[in-house]
Colleague: 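My structure is below; once you've seen it, I'll send some questions.
Just so it is clear: chains get the letters A, B, ... in the order the sequence lines come, proteins before strands, and each one is counted from 1.
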Number of protein chains: 4
Amino acid sequence: MSQSKKNTKQKIFDAAIKTFAEKGFWKTKVSDIVAEAGVAQGTFYLYFNSKDDCLYELLEYLHKGTLHQINQLIENKQSTIFDICASFIKRIYQYKMLSKVFLFEALSSGEKFKNLYFRFKKNIRDMLSKVLSEETNNYNETTVSIISGFLKELIEYYILFLNEDLDTILKHLYEGLEKIEGARYEKI
Amino acid sequence: MSQSKKNTKQKIFDAAIKTFAEKGFWKTKVSDIVAEAGVAQGTFYLYFNSKDDCLYELLEYLHKGTLHQINQLIENKQSTIFDICASFIKRIYQYKMLSKVFLFEALSSGEKFKNLYFRFKKNIRDMLSKVLSEETNNYNETTVSIISGFLKELIEYYILFLNEDLDTILKHLYEGLEKIEGARYEKI
Amino acid sequence: MSQSKKNTKQKIFDAAIKTFAEKGFWKTKVSDIVAEAGVAQGTFYLYFNSKDDCLYELLEYLHKGTLHQINQLIENKQSTIFDICASFIKRIYQYKMLSKVFLFEALSSGEKFKNLYFRFKKNIRDMLSKVLSEETNNYNETTVSIISGFLKELIEYYILFLNEDLDTILKHLYEGLEKIEGARYEKI
Amino acid sequence: MSQSKKNTKQKIFDAAIKTFAEKGFWKTKVSDIVAEAGVAQGTFYLYFNSKDDCLYELLEYLHKGTLHQINQLIENKQSTIFDICASFIKRIYQYKMLSKVFLFEALSSGEKFKNLYFRFKKNIRDMLSKVLSEETNNYNETTVSIISGFLKELIEYYILFLNEDLDTILKHLYEGLEKIEGARYEKI
DNA sequence: TATGAATGAGGCTTCATTCAT
DNA sequence: GATGAATGAAGCCTCATTCAT
């Protein structure tokens, strides 16, 4: 892939993220994306087969990257559940707009996206399970649900609704996990 | 409102809930709703100004009813946090399809719906706060976030994804609150 | 089907025939047809799934009607090959524009239409065969090819290109068949 | 024209013939042609002004070549009508794909092409007239129509539809002319 | 009140053509 | 000459909404 081709695709990608996040998948027109990207309507179709396709590629990118990042932490045996969650929250915060699309658009954007969303949720829960079972001796599924739900609440309420900064959110996370797990963590 | 008018509107209401839940707001056509309801296309517009309007009315109905139900429990000073949560879960379970639309479509269906959704979330959190502060002496916002997130996880994962029955879900709820609060509740 | 519905479909049908005949299938836009018919763009899609569909329905109509008409003549045992051909030519002349579409657009409008065209051609040849074998004792396939080709030449050259009137064309037909068959026919 | 330029143009020419014949003029995209030719999209426009232009050049080439070939036969006073027709059929068979485009696409590809087609048809008929009037003493226009139609039927039905081989088709031709003319020809 | 045919603005996508390299 | 990414006009089709009956 040539440099210029890569650039054009990236421009469209960035514009799509921004537009999907602002207007939502269904209200976003391809013409909005290309206007934001500064390319012609037809150019969009050189890189994506459809609007659907574009969203799917974006979500897969976030999905894979996030899981990969967490997996690497897990392989480092010294990572605590706090490290994992903080890493997750940081990534979501970094990709705020794209995450918004993933977490709050996917369920209503068609079967394909719903499946991707639930695959993601399942993966996150599995990772939490793994770390919890290594870390504590009274692991159970309920704890996974509590933490998984708490993470989503942090994102939904503190990031999206209240729009708080990362440090404040990590503080909430720390306090929450402390309460849930009854343990103290080193902040990272 | 005459009896027959009420019936027609109710037919459309029910059809709309079913269709929105099955196909999502954006993929639902007015023609789908009226086909399901067994009335003519034009009839829809005798009762609703628009497709948006119809969804909004539905969500407000769920919103108000749910808050009202919880409020009544709160006014009965003996209600525990478990009672409140169980009542909430039961109602969501009862209006499974409509709730699905509310909890997972609203954020992506336009500004108006997003506002309604966050108003609802805020109300639920406030009620939890109120009960918690009456019930425990170490109440804090973090606990509200944990419980609020846990409730949504129960709905998202156990009701929508795994499609478990009400009793199983209430069991999860009980175990979760026990873990969060470190207390035992009377099951209702 | 209500009267008004029938009328609208007929209006579109007529407009489609005219437009297809004038501009050809590929150059005809749905917007041309509806403009000619005096209805809205969307109305077209109440009656046809697509432009393809519309053409197909038109051609089938001509196809079936023409075959039916000839079949009835054949069942009357006294019909000569001249009667059959004259009846065919008259029908083509009557549906001049639609026939033009069938005979000269179908082969280039996609597989489906090509198949319909060759089915039609085969049917016509079979009918000619049947009548010839009843009428003469030295019937053979070559004669069928000669007559079939002659008929198409009459249409292509005298109707479409020279735009001659029906009587002149029937005169050509009479002379041609006389030459081919070496017999004299009663003009009908 | 340089050698390499000639090669590129020829590659595109050949690809265009193949593609037009397979998919028809309207369904053929310039991108199909260049893919088949193995050149870049822009290269097409170094040799042709437009897709229309390319088809027109192709058809003119077939047109002129065919007429030229027949004219040479006519100048040789000993050529019979069978020689002329056989030569015509052989050429059509040799340029099967291109002929398909000419004979069955031209009428529906726009005014310019329709004119070219009828010019061709007129030329063929004139040549037949000329030979017939030299060969027989009871020449008339009807015979021209019969032979012209028969030739097209041979192409349409036996070449395109039944896909028979050249010898078989020439046999049909021989039998047909024998029947039409009541004479015996030397096969060439 | 109820109907359902008709509307038409608007979105998605295609593809012939251009042009900078 | 050759390339192929970029263009953008144009066309098909959808569907929320209207309105005459």
Colleague: Say whether D:E57 and D:Y47, considering side chains only, have a donor N or O and an acceptor N or O under 3.5 Å apart.
Modeller: no
Colleague: By nearest atom, which of the nucleotides E:dA16, F:dT7, E:dT13 is closest to the A:V39 side chain?
Modeller: F:dT7
Colleague: Could you check which of E:dG8, F:dT17, E:dA16 has an atom nearest any side-chain atom of D:V30?
Modeller: E:dA16
Colleague: Is the gap between the ring centers of D:F20 and D:F102 under 6.0 Å?
Modeller: no
Colleague: Check for me whether the distance between the ring centres of C:F48 and C:Y56 falls short of 6.0 Å.
Modeller: no
Colleague: 5'-most contact on DNA chain E: D:W26 or B:A40, nearest heavy atom basis?
Modeller: B:A40
Colleague: Please report the distance, rounded to the nearest Å, between CG in C:D53 and C1' in F:dT14.
Modeller: 16 Å
Colleague: To the nearest angstrom, how far is A:F44 atom CZ from E:dC12 atom P?
Modeller: 9 Å
Colleague: Within this structure, what is the CZ-to-P distance between B:F48 and F:dC15, rounded to whole angstrom?
Modeller: 20 Å
Colleague: State which of E:dC15, F:dA5, E:dA2 makes the closest approach to the side chain of B:T43.
Modeller: E:dA2
Colleague: If you assign each of B:K51 and D:G42 to its closest nucleotide in DNA chain F, which residue comes earlier from the 5' end?
Modeller: D:G42
Colleague: Using a 6.0 Å cut-off, check whether atom OH of A:Y61 has over 12 heavy atoms from anything other than its own residue.
Modeller: no
Colleague: When Watson-Crick pairs (N1 to N3 and N6-O4 or O6-N4) and G-U wobble pairs (N1-O2 and O6-N3) count only below 3.5 Å on both distances, what is the dot-bracket string of DNA chain F, with | for other-strand pairs?
Modeller: .||||||||||||||||||||
Colleague: Please give, in whole Å, the distance from F:dC15 P to B:D52 CG?
Modeller: 16 Å
Colleague: In whole angstroms, how far is the C1' atom of E:dT14 from the CG atom of A:N49?
Modeller: 13 Å
Colleague: Could you check how far OH of B:Y45 sits from P of F:dC15, rounded to whole Å?
Modeller: 12 Å
Colleague: In whole angstrom, give the distance that lies between atom NZ of C:K29 and atom C1' of F:dC13.
Modeller: 16 Å
Colleague: Is the A:F113 ring parallel, tilted or perpendicular to the A:F25 ring (thresholds 30°, 60°)?
Modeller: tilted
Colleague: Have a look at B:D32 and tell me which of B:K18, B:K23, B:K51, B:K27 forms a salt bridge (Lys or Arg N to Asp or Glu O under 4.0 Å) with it.
Modeller: B:K23
Colleague: Does the side chain of D:T8 get closer than 4.0 angstrom to OP1 or OP2 of F:dG1 through an N or O atom?
Modeller: no
Colleague: Is atom NZ of A:K64 surrounded by more than 12 heavy atoms (other residues, nucleotides or ligands) closer than 6.0 Å?
Modeller: no
Colleague: Where the side chain of D:L46 is defined as all heavy atoms beyond and including C-beta, which of F:dC12, F:dG1, E:dC12 is the nearest nucleotide?
Modeller: F:dG1
Colleague: By nearest nucleotide on DNA chain F, pick out whichever of C:T28 and B:T28 is the more 5' one.
Modeller: C:T28
Colleague: Tell me if the side-chain of B:Q41 makes a donor-acceptor pair with the base of E:dT3, cut-off 3.5 Å, by modelled atom types.
Modeller: no
Colleague: Tell me: OH of D:Y47 to P of E:dT17, nearest whole Å?
Modeller: 18 Å
